[in-house]
> 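Submitted below is the structure of interest, expressed as structure tokens.
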Amino acid sequence: ASPAGLSAYVAVSQVLGLALLGTAGAWLGRYRGGVAWHGPLQLNVHPLCMVLGMVFLQGDALLVYRVFRHEAKSSTKVLHALLHGLALVIALLGIVAVFESHRAKGIPDMYSLHSWCGMATFVLYLLQWLLGCGFFLFPGATSALRSRYKPQHVFLGIALFALSIGACLMGITEMLLFNIRDSYSHFVPEGVLANTLGVLLLAFGLVVGYVLTRDDWKRPPLPEELALSMDFKTLTEGDSPCGS
């Protein structure tokens with residue numbers, strides 16, 4: 001059985017995730033004219049893809065090892081990698097959309113703090129995914145090398161999730177200042193809705209982060225994984241499985 005409270009927190013994270021997706025869609029649909037790949041609405045593809053890929057799907061990919069606690073680790077690793085890969089593809093579509101939209105409108109690229117932080121986060125996320133696949137998914141890396149890299153992989157995963165949320169918050173503020181600069185301070189409905197999206201992003205990040213940092217909620221090793229670990233220790237250190 002799952003540890004007490006884990007299922008509830010995971011459920012809350014999914015409710016918050018769906019709420020932030022719905023809020024992003026409502027904001028873009030109600031106040032920004034909707035979403036389209038071609039034409040003046042192409043820019044709106046960017047925030048929707050980033051919220052979906054770099055926040056919601058990335059957060060769910062991080063939760064895989066907490067949710068699927070009793071499945072084979074190989075299957076869990078594949079699902080973890082697939083969700084991160086899907087998040088990367090969706091985020092890439094969002095990046096292409098914003099560059100194409102800027103080019104069509106004659107807007108300069110990569111000058112704002114949001115664009116710097118967002119692009120750096122995406123590039124690091126891509127590198128993290130490639131390294132993770134190389135070390136943990138494909139054969140070749142030794143167990144010792146995997147054990148050495150694992151702490152860095154775990155830290156970077158949580159750090160990049162936090163950076164993704166921060167970049168989204170900067171993007172929301174930037175978009176509001178571009179579009180409703182004069183009325184934003186008057187608590188207009190669009191500003192309130194966009195601020196609500198920002199609060200939901202923070203709440204989703206906090207809940208996911210709490211689940212990830214609870215030591216007693218970590219995925220326990222299965223008996224066969226313990227046996228493999230003991231066999232590896234025996235081969236490399238000369239210890240017997242009994243410790244004698």
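Atoms considered below: every heavy atom in the structure, side chains included; atoms not considered: hydrogens, waters and symmetry mates.
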> Is there a donor-acceptor pair closer than 3.5 Å between any side-chain N or O of Trp116 and the backbone N or O of Met110?
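Yes; at least one donor-acceptor contact below 3.5 Å.
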> Membership question, hydrophobic clusters at under 4.5 Å side-chain separation (ILVMFWY): are Leu83 and Val207 in the same one?
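Yes; tracing contacts between hydrophobic side chains, which count when under 4.5 Å, links both residues.
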> Return yes when atom OH of Tyr65 has more than 12 non-hydrogen atoms of other residues, nucleotides or ligands closer than 6.0 Å, and no otherwise.
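More than 12 heavy atoms, drawn from other residues, nucleotides or ligands, come within 6.0 Å of this atom.
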> Would you say CH2 of Trp37 has more than 12 non-hydrogen atoms from neighbouring residues, nucleotides or ligands within 6.0 angstrom?
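Atom CH2 in Trp37 is packed in, count exceeds 12.
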> Let me check something: do Leu130 and Phe138 share a hydrophobic cluster, defined by ILVMFWY side-chain heavy atoms less than 4.5 Å apart, either directly or through other members?
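No, because Leu130 and Phe138 fall into different hydrophobic clusters, even though each may have its own neighbours under 4.5 Å.
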> What distance do Leu131 atom CG and Leu126 atom CG have between them, rounded to the nearest 0.5 Å?
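Between atom CG of Leu131 and atom CG of Leu126 there are 9.5 Å.
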> Tell me, which pairs form a side-chain hydrogen bond (donor to acceptor under 3.5 Å, both in side chains) where one or both residues lie in residues 153-163, sequence neighbours left out?
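Qualifying pairs, neighbours excluded: Gln128-His153.
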> If you look only at distance, which donor and acceptor atoms sit under 3.5 Å apart when one is on a side chain in residues 156-170 and the other is two or more places apart or in another chain?
residue, atom, partner, partner atom, Å
Ser164, OG, Gln58, NE2, 3.1
Ser164, OG, Leu160, O, 2.8

> Around atom CZ of Phe155, are there more than 12 heavy atoms of other residues, nucleotides or ligands at under 6.0 Å?
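No, not enclosed.
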> Start with the C-alpha gap between Phe56 and Gln14, add the side-chain angles, then the distance that decides, and say whether side-chain contact (heavy atoms from CB on, under 4.5 Å) holds.
CA-CA 9 Å; Phe56 182 65; Gln14 297 311 289; 3.9 Å; yes
> So if you build clusters from Ile, Leu, Val, Met, Phe, Trp, Tyr with side-chain heavy-atom gaps below 4.5 Å, do Val12 and Val10 land together?
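Yes, one cluster joins them.
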> Could you tell me which non-hydrogen atom of Arg148 sits nearest to which non-hydrogen atom of Gln152, and how far apart they are?
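In terms of heavy atoms, the two residues are closest at O-OE1, 2.8 Å.
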> Roughly how far, to the nearest 0.5 Å, is CE of Met54 from CZ of Phe122?
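These two atoms lie 7.0 Å from each other.
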> Could you measure the distance from the CG atom of Asn44 to the OH atom of Tyr31? Nearest 0.5 Å is fine.
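Rounded to the nearest 0.5 Å, the CG-OH separation comes to 14.5 Å.
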> Quick one: do Val15 and Leu20 end up in the same hydrophobic cluster if we chain Ile, Leu, Val, Met, Phe, Trp and Tyr together by side-chain heavy atoms under 4.5 Å apart?
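Per the 4.5 Å side-chain linkage, Val15 and Leu20 are not co-clustered.
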> Any side-chain heavy-atom pair from Cys49 and Leu52 closer than 4.5 angstrom?
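When only atoms from C-beta onward are counted, Leu52 and Cys49 do not touch, as no gap falls below 4.5 Å.
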> Can Lys218 and Arg69 be said to form a side-chain contact (heavy atoms from CB on, under 4.5 Å), step by step?
CA-CA 8 Å; Lys218 289 182 178 179; Arg69 305 174 59 78; 5.9 Å; no
> Among pairs that include at least one residue of residues 201-211, which meet side-chain hydrogen bond (donor to acceptor under 3.5 Å, both in side chains), considering only residues two or more places apart or in two chains?
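Those involving residues 201-211 are Tyr210-Arg214.
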> Cut-off 3.5 Å, no hydrogens considered: what does the side-chain donor-acceptor table look like for residues 89-106, sequence neighbours left out?
residue, atom, partner, partner atom, Å
Glu100, OE1, Gln42, NE2, 2.8
His102, ND1, Asp109, OD1, 2.8
Lys105, NZ, Pro40, O, 3.4

> Which residues satisfy the side chain to side chain donor-acceptor pair (under 3.5 Å) test with Arg66, sequence neighbours excluded?
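Residues passing side chain to side chain donor-acceptor pair (under 3.5 Å) with Arg66: none at all.
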> What are the two closest heavy atoms between Val45 and Val35, and how far apart are they?
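Result for this residue pair: CG2-CG1, 3.3 Å.
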> Rounded to the nearest 0.5 Å, what's the gap from CG on Leu79 to NE2 on His84? Could you check?
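Reported to 0.5 Å precision, the distance equals 10.0 Å.
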> Determine whether the aromatic ring centres of residues His80 and Phe136 are separated by less than 6.0 angstrom.
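Between His80 and Phe136, which both carry aromatic rings, the centre distance is not below 6.0 Å.
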> Are the charged groups of Glu190 and Arg30 less than 4.0 angstrom apart, N to O?
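No, this pair does not count.
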> In terms of hydrophobic clustering (I, L, V, M, F, W, Y; side-chain heavy atoms under 4.5 Å; direct or indirect links), are Val67 and Leu18 co-clustered?
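Result: yes, single cluster for both.
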> Do you know the tightest heavy-atom contact between Leu137 and Ala81?
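Leu137 and Ala81 have their closest heavy atoms at CD2-CB, 3.9 Å.
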> Under 6.0 Å between the ring centres of Tyr9 and Trp217?
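They qualify: ring centres under 6.0 Å apart.
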> Should Met175 and Trp27 be marked as a side-chain contact (heavy atoms from CB on, under 4.5 Å) after you check the CA-CA gap, both sets of side-chain angles, and the distance that decides it?
CA-CA 11 Å; Met175 195 167 178; Trp27 175 32; 3.7 Å; yes
> What is the minimum heavy-atom distance between Ile180 and Val188, and which atoms define it?
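Ile180 and Val188 have their closest heavy atoms at CD1-CG2, 3.9 Å.
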> With a cut-off of 3.5 Å and sequence neighbours excluded, list every side-chain donor-acceptor pair involving residues 191-205.
residue, atom, partner, partner atom, Å
Asn195, OD1, Tyr184, OH, 2.8
Asn195, ND2, Gly191, O, 3.4
Thr196, OG1, Val192, O, 2.8

> Under the criterion side-chain contact (heavy atoms from CB on, under 4.5 Å), I'd like the reasoning laid out for Ser13 against Leu63: C-alpha separation, chi angles, the key distance, then a yes or no.
CA-CA 10 Å; Ser13 74; Leu63 291 175; 3.6 Å; yes
> For Leu48 and Ala24, which heavy atoms make the closest approach, and how far apart are they?
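Shortest heavy-atom contact: CD1-CB, 4.4 Å.
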